[in-house]
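Some notes on the structure that comes next.
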Amino acid sequence: MTSTRTVVGISRLLVLVPVTVCATISYNLNEQPPRCSDRTPPPQTLAKCRYDVDCMNNAYCWNQEACLCKDEYIVYKNRTHVECLKVANAIGDRCEVDIQCRVTFAPFSECRRNICQCSDGSHYVEGRCYESVGLGQACQTHRNCYIKDSYCVTGFCACTLKYHPNPRNDGCIPSAELDDECTNDYECVAENSRCSQQVCSCEAGHVLSKDGKRCLKARYSVGEPCHEDVQCQMFLKSTVCGPNGKCSCIDNFHQSGPVCLRDSLLNNRCQSHRECVTATHRHSNSTEVTSVDCVGGICMCAKDYIMTEFNECVGYSDNGAATAHSWQQILRILPFLFFASFSIL
């Protein structure tokens with residue numbers, strides 16, 4: 001508070017001099033008077049004083065010892081003098097030096113053209129200036145992430161839930177799932193999807209998964225890896241995704257090269273040798289004629305092969321005797337034929 005002190009001179013005139021002192025209530029005579037607990041001086045002192053008038057503008061004499069800046073003012077020292085400058089309260093306040101801004105708005109602020117502003121590469125949010133951090137760049141707080149709908153996660157700026165970066169990586173846009181409305185391909189977030197007729201759908205060469213959330217690659221050949229039947233069935237007839245995780249032929253069909261064809265046994269009608277099969281001559285990556293052929297629209301043993309009583313085709317020599325290799329074939333298929341006969345019985 002401010003009090004007056006009476007100074008008695010030779011002329012006995014009263015002189016009133018303003019001075020700021022601490023207000024005290026009571027204390028023991030053996031103790032030193034307590035200092036103002038609510039006016040702890042900052043580390044910078046401007047000058048020694050006894051009265052407020054001894055101090056520069058916007059300062060007061062603290063405890064009749066040193067000049068301190070008033071509340072909301074800060075010490076500024078240059079090479080020639082010391083002064084108390086007004087601390088900025090809002091972006092856009094008038095200023096003379098950076099310190100007036102940085103007390104309130106942190107280091108990423110400055111006094112530019114005598115106005116407090118955030119420095120280049122920073123932005124104002126929640127009362128302070130924070131370094132501006134783009135998507136995918138390191139951050140310390142979500143306030144660093146200046147792009148709308150982004151936040152700091154695991155130390156990097158990323159788009160919030162249900163948003164993803166645009167192609168330029170300078171903005172976050174709503175994520176469109178499969179079957180959602182869209183205007184551009186980059187809005188569709190499912191892998192291998194695109195915007196077709198203003199709806200997110202699977203791009204060419206891909207099919208929609210059973211749960212409707214993924215685009216799976218379509219398969220063009222029997223034996224290719226798969227997860228669901230639809231991957232095989234889009235371009236391959238009579239196929240399923242087998243238990244081995246590959247496109248396979250359904251019952252009563254066999255693989256011939258990249259596709260599946262209906263089984264045609266010996267003496268049955270056919271249009272191509274690729275349709276003809278026997279108990280042991282079925283799935284093949286080859287499309288060439290081997291032991292079975294389609295002759296006159298009927299499945300028959302190919303040239304140099306003869307049909308056995310087990311409806312198999314084995315190689316036949318020029319003199320009419322079965323070759324050793326043919327007998328090896330017969331012996332090899334006997335267990336299979338026996339099992340097949342037993343199953344029929």
Side-chain angles (χ1 to χ4, degrees), residues 87-95 98-113 115-219 225-231 234 241 245:
V87 173
N89 291 316
I91 291 291
D93 281 357
R94 301 290 299 178
C95 58
D98 291 344
I99 190 64
Q100 291 175 265
C101 311
R102 291 176 177 170
V103 168
T104 305
F105 308 117
F108 291 101
S109 61
E110 61 182 12
C111 182
R112 189 164 68 246
R113 298 176 183 173
I115 295 177
C116 278
Q117 305 177 47
C118 291
S119 56
D120 291 340
S122 65
H123 61 283
Y124 181 78
V125 60
E126 298 182 17
R128 290 182 57 180
C129 291
Y130 289 89
E131 181 183 11
S132 298
V133 177
L135 295 175
Q137 297 178 341
C139 54
Q140 295 180 327
T141 170
H142 70 274
R143 300 176 184 88
N144 289 134
C145 304
Y146 73 98
I147 293 176
K148 184 181 179 181
D149 298 315
S150 68
Y151 70 115
C152 188
V153 55
T154 62
F156 295 90
C157 287
C159 293
T160 57
L161 188 65
K162 295 186 178 181
Y163 284 79
H164 67 280
N166 64 18
R168 299 183 301 276
N169 205 43
D170 60 2
C172 292
I173 58 177
S175 299
E177 301 291 346
L178 290 171
D179 209 32
D180 286 347
E181 293 184 358
C182 58
T183 55
N184 294 286
D185 289 347
Y186 57 75
E187 296 175 24
C188 304
V189 293
E191 188 176 1
N192 302 314
S193 65
R194 55 169 299 184
C195 186
S196 177
Q197 298 180 345
Q198 297 185 328
V199 174
C200 287
S201 55
C202 295
E203 63 184 15
H206 293 79
V207 292
L208 187 64
S209 64
K210 187 182 299 184
D211 60 11
K213 296 181 179 180
R214 296 175 296 160
C215 289
L216 304 175
K217 187 172 179 60
R219 299 307 181 183
C226 58
H227 296 284
E228 297 184 11
D229 292 345
V230 66
Q231 292 178 262
M234 183 174 186
C241 186

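- Note that CE of Met234 is 11.5 Å distant from CG of Leu216, once rounded to the nearest 0.5 Å.
- Each of Cys116, Cys101, Cys95 was compared with Cys111 under the disulfide (SG to SG under 2.5 Å) criterion, and only Cys95 meets it.
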Indicate every side-chain donor-acceptor pair of residues 127-134 with a distance under 3.5 Å to a residue at least two apart or in another chain.
from: Ser132; atom 1: OG; to: His123; atom 2: N; distance (Å): 3.4
from: Ser132; atom 1: OG; to: His123; atom 2: ND1; distance (Å): 2.7

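- Separation of atoms CD (Glu110) and CD1 (Ile99) is listed at 13.5 Å; rounding is to 0.5 Å.
- Residue Asp185 places its CG atom among more than 12 non-hydrogen atoms of other residues, nucleotides or ligands, all under 6.0 Å distant.
- Scanning both residues, Glu228 and Arg214, for their nearest heavy atoms gives OE2-NH2, 3.3 Å.
- When every heavy atom of Pro174 is checked against every heavy atom of Tyr163, the shortest pair comes out as N-CD2, 3.5 Å.
- Every residue meeting the side-chain contact (heavy atoms from CB on, under 4.5 Å) condition with Arg168, not counting sequence neighbours, appears here in chain and number order: Asn166, Asp170.
- Atom CZ of residue Phe108 and atom SG of residue Cys118 lie 10.5 Å apart, to the nearest 0.5 angstrom.
- A distance-only check finds no donor-acceptor pair linking the side chain of Arg112 to the backbone of Ser119 [under 3.5 Å].
- Each salt bridge (Lys or Arg N to Asp or Glu O under 4.0 Å) pair with one or both residues in residues 148-166, not counting sequence neighbours, would appear here, but there are none.
- Legend: side-chain hydrogen bond (donor to acceptor under 3.5 Å, both in side chains) pairs involving residues 133-146, not counting sequence neighbours, sorted by first then second residue: Glu126-Arg143, Thr141-Arg143.
- The two residues His164 and Cys159 have their closest heavy-atom pair at C-SG, 3.5 Å.
- Take Ile147 and apply the side-chain contact (heavy atoms from CB on, under 4.5 Å) test, not counting sequence neighbours, and it matches Leu135, Ser150, Cys172.
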Name each donor-acceptor pair under 3.5 Å that joins a side chain in residues 189-206 to protein atoms two or more places apart or in another chain, with its distance.
from: Ser193; atom 1: OG; to: Ala190; atom 2: O; distance (Å): 2.5
from: His206; atom 1: ND1; to: Ala204; atom 2: O; distance (Å): 3.2

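- The minimum heavy-atom distance between Ile173 and Tyr186, with the atom names listed, is CD1-CD1, 3.4 Å.
- Contact between Ile115 and Arg94 at its shortest, heavy atoms only, is CG1-NH1, 4.2 Å.
- For the cysteine pair Cys145 and Cys152, the distance separating the two SG atoms is not below 2.5 Å.
- Using a 4.5 Å cut-off on side-chain heavy atoms (C-beta onward), Lys210 and Val230 make no contact.
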